[in-house]
Amino acid sequence: MKFSDILRDARGTADTTVPEGWMQGRAAFGGLAAALVYEAIAARSQDAPLRSLTTSFVAPAKQGKLERRSEVLRRGSSVTQIEGRAVQEGQVVTAALASFGSGRDSAIRVSLPSAPTFTAPDACQALPDIDGLTPEFARHFDYRIAEGALPFSGISETRLGGWMRFRNCDEPVTVSHLLALIDAWPPAVLQMLSELAPASSLTWTLEACHPLSQRSAGDWWQYQAEIEQAGDGYAVIQAKIWDADGKPVALSRQTVTVFA
């Protein structure tokens with residue numbers, strides 16, 4: 001099932017479904033879970049721009065029915081804060097808090113750093129589809145590594161970056177598309193391991209840049225992540241995202257659990 005079809009089916013209803021083809025081991029792909037919760041939240045935003053979304057992956061979401069709940073915590077003159085949850089079998093599996101804020105005049109303006117000078121996508125290494133190793137959800141995306149290496153390469157490099165895009169998706173990009181694209185990348189910490197080991201996102205904060213790029217979700221997007229700190233089985237990874245023209249799109253920060 002295509003990502004655009006999943007979003008369309010999820011809009012306007014409290015309950016939705018995690019379909020086949022979107023699993024990551026025993027759990028649903030985190031980017032999909034985050035996007036589905038965000039869709040429930042955004043329905044109450046009155047179309048204000050998203051400024052920040054913090055998501056906590058409380059428990060593994062399974063394939064099948066997913067109940068979603070959202071609540072407006074406060075609607076101020078410029079900022080609205082909304083909480084959202086996804087529930088399965090009475091257990092919260094994903095929780096999120098979103099802050100929406102209308103723009104206003106300001107004397108302060110600091111731009112995101114310029115996009116890196118990556119080699120063109122066609123000249124970069126593609127993330128391979130290895131049966132039994134590559135998560136099934138990854139087949140919906142196209143990744144090209146321009147910086148760093150494949151997972152379990154055993155390198156000391158703390159950066160991972162390159163190009164990403166949806167396969168078979170020509171819709172204008174939305175926040176939900178970006179959530180899926182960004183989380184589709186393997187955690188940068190995995191390239192430092194020399195043996196197979198699982199890892200998963202624990203918490204994730206996304207800050208969106210406005211106005212949002214008008215490119216298609218199927219166009220190329222640039223991604224650069226860096227491990228800021230790792231130890232005790234956890235890693236903190238920050239990332240920056242630009243469109244193909246170098247326009248800033250989003251900032252990302254994840255706490256990742258690493259079982260190695």
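The structure presented is a predicted model; accordingly, all values stated were derived computationally and were not measured.
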Distance-only criterion, 3.5 Å: show the donor-acceptor pairs between side-chain atoms of residues 129-136 and protein atoms not counting sequence neighbours.
residue: D129; atom: OD1; partner: R139; partner atom: NE; Å: 3.4
residue: D129; atom: OD1; partner: R139; partner atom: NH2; Å: 3.3
residue: D129; atom: OD2; partner: R139; partner atom: NE; Å: 2.9
residue: T134; atom: OG1; partner: P128; partner atom: O; Å: 3.0
residue: T134; atom: OG1; partner: I130; partner atom: N; Å: 2.8
residue: E136; atom: OE2; partner: G21; partner atom: N; Å: 3.4
residue: E136; atom: OE2; partner: W22; partner atom: N; Å: 3.3
residue: E136; atom: OE2; partner: M23; partner atom: N; Å: 2.9

Determine yes or no for a side-chain-to-main-chain donor-acceptor pair under 3.5 angstrom, with [X] supplying the side chain and [Y] the backbone.
X    : Y    : value
T13  : A10  : no
T17  : P19  : no
T257 : S200 : yes
E157 : G148 : no
R159 : I227 : no
D219 : S216 : yes

Common cluster, [X]/[Y], ILVMFWY with side-chain heavy-atom separation under 4.5 Å:
X    : Y    : value
V18  : M1   : yes
I241 : I145 : yes
V249 : Y143 : yes
L150 : L190 : no

- Query: Which is it for W242 and Q224 under the side-chain contact (heavy atoms from CB on, under 4.5 Å) test, yes or no, and what are the steps along the way?
  - Reply: CA-CA 9 Å; W242 304 262; Q224 187 179 56; 4.0 Å; yes

What distance do [X] atom [atom1] and [Y] atom [atom2] have between them, rounded to the nearest 0.5 Å?
X    : Y    : atom1 : atom2 : result
C169 : F3   : SG    : CZ    : 8.0 Å
L206 : R51  : CG    : CZ    : 12.5 Å
L7   : E39  : CG    : CD    : 5.0 Å
R165 : R215 : CZ    : CZ    : 12.0 Å
L53  : L178 : CG    : CG    : 11.5 Å
E147 : T117 : CD    : OG1   : 10.5 Å

Answer whether the closest heavy-atom distance between the side chains of [X] and [Y] falls below 4.5 Å.
X    : Y    : value
F57  : L202 : no
L127 : P151 : yes
R167 : H140 : no
R253 : E207 : no
I237 : P187 : yes
F100 : I41  : yes
L66  : D15  : no
V175 : L179 : yes

- Applying side-chain contact (heavy atoms from CB on, under 4.5 Å), run through V256 and Y234 and close with a yes or a no. CA-CA 6 Å; V256 176; Y234 300 88; over 6 Å; no

Without placing hydrogens or testing angles, list every side-chain donor-acceptor pair under 3.5 Å for residues 76-99, not counting sequence neighbours.
residue: S78; atom: OG; partner: R104; partner atom: NH1; Å: 3.3
residue: Q81; atom: OE1; partner: S99; partner atom: OG; Å: 3.4
residue: Q88; atom: OE1; partner: K62; partner atom: N; Å: 2.7
residue: Q88; atom: NE2; partner: K62; partner atom: O; Å: 2.9
residue: Q88; atom: NE2; partner: K65; partner atom: O; Å: 3.0

Nearest atoms (heavy-atom pairs only) where [X] meets [Y]:
X    : Y    : value
A217 : L181 : O-CD1, 4.4 Å
A244 : Q222 : O-NE2, 3.7 Å
P49  : S102 : CD-CA, 4.2 Å
A40  : S70  : O-OG, 3.4 Å
F259 : A197 : O-CB, 3.7 Å
V173 : S213 : CG1-O, 3.4 Å

Between [X] and [Y], a side-chain donor and acceptor under 3.5 Å:
X    : Y    : result
S56  : T203 : no
S252 : W204 : yes
D183 : Q254 : yes

- Message: Are there over 12 heavy-atom neighbours, none belonging to K247, within less than 6.0 Å of that residue's NZ?
- Response: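 Yes, because the 6.0 Å sphere around NZ of K247 holds more than 12 heavy atoms from other groups.
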
- Task: Apply the test side-chain contact (heavy atoms from CB on, under 4.5 Å) to residues W163 and F118: give CA-CA distance (whole Å), side-chain angles for both, the deciding distance (0.1 Å), then the verdict.
- Result: CA-CA 8 Å; W163 304 87; F118 285 147; 3.6 Å; yes

- Message: Would you call the rings of F166 and H177 parallel, tilted or perpendicular, taking 30° and 60° as the class edges?
- Response: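 If you compare the ring of F166 with that of H177, the planes turn out perpendicular.
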
- Query: What class does the angle between the rings of F141 and F137 fall in, given that below 30° is parallel, 30 to 60° is tilted and above 60° is perpendicular?
  - Reply: perpendicular

- Query: Taking only residues two or more places apart in sequence or in another chain, which ones pass ring pair (Phe, Tyr, Trp, His ring centres under 6.0 Å) with Y223?
  - Reply: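 For Y223, the residues satisfying ring pair (Phe, Tyr, Trp, His ring centres under 6.0 Å) (neighbours in sequence not counted) are W185.
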
- For the pair L112 and L251, evaluate side-chain contact (heavy atoms from CB on, under 4.5 Å) and give the outcome as yes or no after the intermediate values. CA-CA 9 Å; L112 196 69; L251 296 168; 2.9 Å; yes

- Item | Salt-bridge present (D5, R8; N to O < 4.0 Å) |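 Counted as a salt bridge, because a side-chain N and a carboxylate O are separated by less than 4.0 Å.
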
- Salt bridge present between E71 and R69 (N-O < 4.0 angstrom): no

